[in-house]
Amino acid sequence: MSALRNKTILLGVGGGIAAYKACELVRLLTAREARVRVMMTPNAAHFVTPLTLQTLSLNPVSIDTFDLTHESEIGHIRLADTADAIVIAPATADLIAKAATGIADTLVTTVLLAARCPVAFAPAMNVHMYEHPAVAENLEKLRARGAAIIEPAAGALACGYEGRGRLAEPAAIVEEIERMLSRKDLAAERILITAGPTQEAIDPVRFVSNRSTGKMGFAIARAAWRRGAAVRLVAGPSALATPRGVERIDTVSAAEMLSATSRNFPWCSSLIMAAAVADFRPREPAAQKLKKNSRGLALDLAPIADELPRLAARKAGRILIGFAAETEDLEVNALDKLRRKRLDMIVGNDVSRSDAGFAVDTNIVTILDTDGHVETTPKLSKDEVADVILDRLAARRAGKPRSAALRVSR
Ligand code: CTP
């Protein structure tokens with residue numbers, strides 16, 4: 001369940017060209033079942049119409065402090081009080097300066113003064129304005145008071161310049177708001193996660209791989225950061241975007257992935273091996289592209305040693321979670337791997353189904369642990385499965401016995 005569900009997000013739109021991106025932001029927030037209330041500065045209404053934002057948010061849009069007073073209550077205080085989080089996007093240099101000094105000259109700045117909920121600012125402006133010490137100091141002031149600053153991205157700016165100043169992607173802003181509203185129950189964890197397939201070279205242009213896309217491991221990384229963990233993600237070749245706040249280490253072959261995992265292992269407090277690591281690799285990859293012939297080609301494949309038992313030998317208080325991709329006898333095979341690989345927990349998934357396993361957005365998993373607990377989830381989104389796995393990690397760290405019955409199958 002999204003952390004945004006049934007939460008009231010108050011979006012303050014500033015007067016900059018990036019205001020048009022507020023429309024996409026509203027759409028993403030409502031898709032996650034948040035209630036969205038939009039307030040705009042009078043200048044923002046030059047860039048995007050209140051009607052557009054009203055239609056997308058399904059709520060009235062407020063611009064003028066005095067529009068709200070006919071409600072027979074102090075409208076701006078009520079707006080501030082009903083918000084679970086406030087996000088200012090785009091936050092112009094002017095809005096940032098006013099918020100930093102406590103000026104209350106428009107509805108948006110007045111609400112910011114009255115707010116007691118978490119607040120995020122997503123700056124967007126010309127690169128030279130963004131680099132100006134006045135803006136940097138104002139942002140620092142806001143940060144020191146506890147506001148989240150969603151850094152702008154670098155790239156081509158509407159003003160014609162290149163550089164930092166582009167409003168962060170709406171999806172990144174949503175991730176930041178979700179984090180603000182999440183319980184930080186993993187704040188003490190440093191979680192190392194592997195994800196995706198590996199590619200084993202046959203020659204310089206061909207490789208052996210598998211159907212994994214990395215979706216499950218990336219979802220765990222996203223959820224772990226949201227819940228306060230420091231996250232390193234060792235990724236095999238994957239087209240997926242790096243989740244916000246996550247340190248990504250790109251690898252290609254199993255040898256690269258496993259050595260990156262081993263190198264980062266001393267850093268972590270928990271390891272989640274969600275990657276579909278190859279079990280075999282071409283014994284001697286050809287140095288040049290192999291030529292076509294009419295006889296065919298037999299590949300000589302050498303085994304790749306399992307990394308998990310080697311890591312388990314260096315365990316020292318770390319929680320180790322593995323995955324088991326199976327096409328038959330899921331529970332029996334997963335239990336065997338739990339023991340053989342010396343794990344604390346294993347997440348088994350049936351990769352022969354069309355609605356679970358590789359390359360889809362949903363998953364059904366069976367989690368087994370060393371205490372003999374078995375839990376099968378219903379079909380959930382991979383984001384939801386990620387939270388179930390992390391719930392189990394948090395409970396294990398807290399030393400809590402699981403409250404659910406031995407076998408939970410909904
Ligand atoms: N794994 C690993 N090192 C490898 C291969 C796999 O650490 N060389 C990890 C995977 O990341 C996963 C777990 O081991 O967490 C199980 O992977 P899986 O491919 O399901 O199991 P295998 O041991 O390869 O067993 P089999 O191929 O017989 O199903």
Side-chain angles (χ1 to χ4, degrees), residues 175 179 182-198 212 214-238 240 242-277 304-325 337-348 365 367-371 382-383 385-400:
E175 283 186 30
R179 184 171 199 259
S182 293
R183 211 158 39 98
K184 306 290 182 304
D185 59 344
L186 298 175
E189 292 287 331
R190 292 178 308 280
I191 308 186
L192 181 61
I193 299 165
T194 67
T198 64
S212 167
K215 283 186 174 176
M216 191 63 247
F218 277 60
I220 299 171
R222 196 163 37 245
W225 173 75
R226 195 185 349 101
R227 293 169 66 156
V231 184
R232 285 189 189 169
L233 177 64
V234 178
S238 168
L240 299 176
T242 308
R244 187 169 171 77
V246 168
E247 194 182 326
R248 175 175 181 162
I249 300 145
D250 279 314
T251 61
V252 177
S253 65
E256 274 175 38
M257 176 180 277
L258 298 178
S259 84
T261 308
S262 177
R263 240 187 353 266
N264 285 281
F265 190 68
W267 167 85
C268 79
S269 59
S270 297
L271 168 71
I272 304 179
M273 287 280 278
V277 186
I304 296 172
D306 199 350
E307 190 64 21
L308 275 170
R310 283 199 287 225
L311 295 173
R314 299 156 57 194
K315 188 170 182 236
R318 294 180 180 83
I319 295 176
L320 265 48
I321 302 178
F323 269 69
K337 282 180 194 172
L338 175 77
R339 293 191 179 126
R340 228 176 348 107
K341 293 171 189 271
R342 300 171 53 199
L343 299 165
D344 295 289
M345 215 183 288
I346 193 147
V347 184
V365 299
I367 306 176
L368 300 94
D369 66 22
T370 44
D371 299 331
K382 285 189 172 169
D383 288 328
V385 172
D387 273 319
V388 172
I389 295 167
L390 294 172
D391 286 347
R392 297 287 299 271
L393 189 155
R396 197 169 177 100
R397 178 63 77 205
K400 282 197 208 118

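These figures come from a predicted structure and were not determined experimentally. The analysis underlying the following values was restricted to heavy atoms, covering all of them including side chains, and did not include hydrogens, waters or symmetry mates.
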Tell me every residue that passes side chain to side chain donor-acceptor pair (under 3.5 Å) with Arg339, counting only those two or more places apart in sequence or in another chain.
none
Can you name the side chain to side chain contact (heavy atoms under 4.5 Å, CB included) partners of Arg340, sequence neighbours left out?
Asp336, Lys337
For Arg342, enumerate each residue passing the side chain to side chain donor-acceptor pair (under 3.5 Å) test, keeping only those at least two apart in sequence or located in another chain.
none
For Arg179, the salt bridge (Lys or Arg N to Asp or Glu O under 4.0 Å) test, sequence neighbours excluded, returns none
The side chain to side chain donor-acceptor pair (under 3.5 Å) partners of Arg232 (sequence neighbours excluded) come to Glu247, Asn264
Measure the shortest side-chain to side-chain distance between Ile272 and Leu393 over non-hydrogen atoms and say whether it is less than 4.5 angstrom.
yes
Salt bridge (Lys or Arg N to Asp or Glu O under 4.0 Å) with Glu256: which residues, sequence neighbours excluded?
none
Not counting sequence neighbours, which residues clear side chain to side chain contact (heavy atoms under 4.5 Å, CB included) with Ala275? List them please.
Thr194, Met257, Val277
What pairs with Asp391 under side chain to side chain contact (heavy atoms under 4.5 Å, CB included), at least two apart in sequence or on another chain?
Arg227
Suppose we screen for side chain to side chain donor-acceptor pair (under 3.5 Å). Which residues come up paired with Glu189, at least two apart in sequence or across chains?
Ser269, Ser270, Arg397
If the condition is salt bridge (Lys or Arg N to Asp or Glu O under 4.0 Å), which residues does Arg183 pass it with, not counting sequence neighbours?
Asp185
Contact list for residues 314-324, test side chain to side chain donor-acceptor pair (under 3.5 Å), sequence neighbours left out
Ser262-Arg314, Lys315-Asp344
So do the side chains of Thr251 and Thr198 get within less than 4.5 Å of each other, counting heavy atoms only?
no
Qualifying residues under side chain to side chain contact (heavy atoms under 4.5 Å, CB included), relative to Ile304, sequence neighbours excluded:
Glu200, Ala254, Leu258, Ala278, Arg281
Please examine the side chains of Val246 and Arg222, heavy atoms only from C-beta on, and report whether any two atoms are closer than 4.5 Å.
no
